[in-house]
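Here is the structure we will look at, set down as structure tokens.
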Number of protein chains: 2
Amino acid sequence: MAAGILVVDDEQSIADLIEVYLKNENYDVYKSYNGLDALKHVETQNIDLAILDVMLPDIDGFSICQKIREKHNFPVIMLTAKDEEIDKITGLTLGADDYVTKPFQPLELVARVKAQLRRYTRYNSSEISREEKLITIAGLVLNKDTHECTLNEKPLSLTPTEFSILWVLASNRGRVVSSEELFREVWGDKYYTNSNNTVMVHIRHLREKMNDNAEHPKYIKTVWGVGYKIEK
Amino acid sequence: MAAGILVVDDEQSIADLIEVYLKNENYDVYKSYNGLDALKHVETQNIDLAILDVMLPDIDGFSICQKIREKHNFPVIMLTAKDEEIDKITGLTLGADDYVTKPFQPLELVARVKAQLRRYTRYNSSEISREEKLITIAGLVLNKDTHECTLNEKPLSLTPTEFSILWVLASNRGRVVSSEELFREVWGDKYYTNSNNTVMVHIRHLREKMNDNAEHPKYIKTVWGVGYKIEK
DNA sequence: AAATTTCTTAAGATTATCTTAAGGCGGCAT
DNA sequence: ATGCCGCCTTAAGATAATCTTAAGAAATTT
């Protein structure tokens, strides 16, 4: 899976430009023109690196960087205008891993991105491909690392089994997953016995917590005789 | 099964040229000269990659790309004329995985197609051969993943057995399938008893849902004394 | 060890689906 | 033409899948 990069700059033309160059290198780009939107991306997308402009209309880049650092450890590259000298150093102390002054050569930025990612991925996963750790569907967000789940920003407290079931459904969204397949995925093949409705009961609990009724479900749909699915 | 590639360009000569090169590499090519037709292909064929021209008479390539992204996750390669400004390249924003500027070397395009497919299939199925998951016949579309069925864009709600029977007929299209064979395929050999008209009743229900009358059927034809078939 | 949370089982209720069987209709052959 | 046999149609009873509850078992936390 390609690395996800968050790009935040209130000057749209600059954000767009960076995006083009990054996409060309096959990165997944998440773009924001303001800080609030950026933070939402941080919480809901698989981000591996952030490029933050310091000057933003709402929250400044340093504060965003701090917020990121509270929960994540991916690298952050700051963009600063040349005359913002003094703050630069401050920014670095607040956890940024690199900084680039505007105006900059896009290719130089790309090179720095690559360098940071090399460093980062070395520590995290020896493999090149990353597993998906975050899934977002409509208002539903699942975080596999923390086993946290939110629905329209409100946290749902799911039990481990509930989370696993929902995770399997979510990562197969669009496809019908049979009760048996769900069981094997969550409990493992060897525990499977055919007369056992435990999956169904967990589904019921999930629907309850998600305020989903079985007849007109917004999330977990039952496909009669086949299984359950979450619409794509 | 060979990978399916959608080629969309309003300049027929270009689409045709691409087609020749792709066919030569043994891909299944689905060609459109406009956006609407392309979207129809997306919903009804087994597509693994799309090549989209940006400038189209009806819907532009970016919008098509967005629409694709709502439901599918196969790679998209955009074709842009060299003089189409930079902000158009921003279209990459909307989810394209690669872009090629016209005029291009056909072999370069083919190389990029291969690269994207390599990347894509690595994430999706470790196996090289894909199962057929989508069958399209005239206005009829069957999706085995979601167990969904649409007839001229309108969804038909089929029961599991109905879906299975229709699937067997559809995947044997052009051939007559006997009532007995149908039964064995759907229920399994061991359940077969010769005096039982249940297949017939299901066929009847199918025809009802498909608005097909037995005397002049558009889809499920009965071949007297032999069985049923869907015309090729 | 007690308390709490979570999981599993089982049984009854509900609903969707399947099968059976019987009567009707129409091709096909004698 | 007429009778047979195979297909069509229908509806009701049988079956099977799912939903819902609740209670006891297991696991986890305090």
Side-chain angles (χ1 to χ4, degrees), chain A residues 147 149 155-169 176-188 190-229, chain B residues 147 149 155-169 176-188 190-229:
Chain A
H147 264 236
C149 169
L156 293 186
S157 85
L158 302 183
T159 70
T161 334
E162 282 160 13
F163 184 90
S164 301
I165 287 177
L166 192 53
W167 180 265
V168 173
L169 285 174
V176 187
V177 185
S178 76
S179 198
E180 176 178 337
E181 191 184 341
L182 265 173
F183 192 98
R184 291 190 197 279
E185 285 279 349
V186 175
W187 282 264
K190 51 189 169 187
Y191 299 105
Y192 180 74
T193 59
N194 62 346
S195 66
N196 143 332
N197 70 341
T198 172
V199 166
M200 189 188 296
V201 175
H202 286 296
I203 296 271
R204 149 100 181 120
H205 291 151
L206 274 170
R207 293 216 253 230
E208 195 166 309
K209 289 184 182 175
M210 300 168 78
N211 239 329
D212 227 11
N213 64 336
E215 297 190 21
H216 302 292
K218 286 191 295 280
Y219 293 97
I220 304 175
K221 239 186 178 171
T222 125
V223 181
W224 239 82
V226 189
Y228 300 92
K229 78 164 166 176
Chain B
H147 264 241
C149 170
L156 295 187
S157 86
L158 302 184
T159 70
T161 341
E162 283 161 12
F163 185 91
S164 301
I165 288 178
L166 192 53
W167 182 267
V168 172
L169 285 174
V176 187
V177 185
S178 75
S179 198
E180 176 178 338
E181 191 185 342
L182 264 173
F183 193 100
R184 291 190 197 277
E185 284 279 351
V186 174
W187 281 264
K190 52 189 170 188
Y191 299 104
Y192 180 74
T193 58
N194 63 346
S195 66
N196 137 338
N197 69 340
T198 173
V199 165
M200 188 187 296
V201 175
H202 286 297
I203 297 272
R204 148 91 183 131
H205 289 152
L206 274 171
R207 294 216 253 231
E208 192 168 312
K209 288 184 182 176
M210 300 167 78
N211 241 328
D212 226 11
N213 64 337
E215 298 190 21
H216 302 291
K218 288 191 294 280
Y219 294 97
I220 305 175
K221 244 186 175 169
T222 124
V223 181
W224 240 79
V226 190
Y228 301 92
K229 79 162 166 175

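Below, chains carry the letters A, B, ... as their sequence lines are ordered, and counting in each starts from 1. Reckoned from all heavy atoms, side chains included, excluding hydrogens, waters and symmetry mates.
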Describe, in one word, how the ring planes of Trp167(B) and Phe163(B) are oriented to each other, choosing from parallel (under 30°), tilted (30 to 60°) and perpendicular (over 60°). parallel
Taking only residues two or more places apart in sequence or in another chain, which ones pass salt bridge (Lys or Arg N to Asp or Glu O under 4.0 Å) with Glu181(B)? Arg175(B)
With sequence neighbours left out, write down each residue that passes salt bridge (Lys or Arg N to Asp or Glu O under 4.0 Å) with Lys218(B), or none if nothing qualifies. none
Does Lys229(A) reach the main-chain N or O of Val223(A) with its side chain, forming a donor-acceptor pair under 3.5 Å? no
Base versus backbone protein contacts along nucleotides 16-30 of chain D [heavy-atom cut-off under 4.0 Å; B, S, -]: -BBBBB---------
Counting the atoms with a prime plus P, OP1 and OP2 as sugar-phosphate, which does Thr198(A) contact under 4.0 Å by heavy atoms, base, sugar-phosphate, or nothing? base
How close or far is atom [atom2] of [N] from atom [atom1] of [X], stated in whole angstroms?
{"X": "Glu162(A)", "N": "dT8(C)", "atom1": "CD", "atom2": "P", "value": "11 Å"}
{"X": "Trp187(B)", "N": "dT17(C)", "atom1": "CH2", "atom2": "C1'", "value": "11 Å"}
{"X": "Ile165(A)", "N": "dT8(C)", "atom1": "CD1", "atom2": "C1'", "value": "12 Å"}

Among Val199(A), Thr198(A), Ile203(A), Asn197(A), which one satisfies side chain to side chain contact (heavy atoms under 4.5 Å, CB included) with Val201(A)? Asn197(A)
Note, Leu182(B) side chain near Tyr228(B) side chain (heavy atom, < 4.5 Å): yes
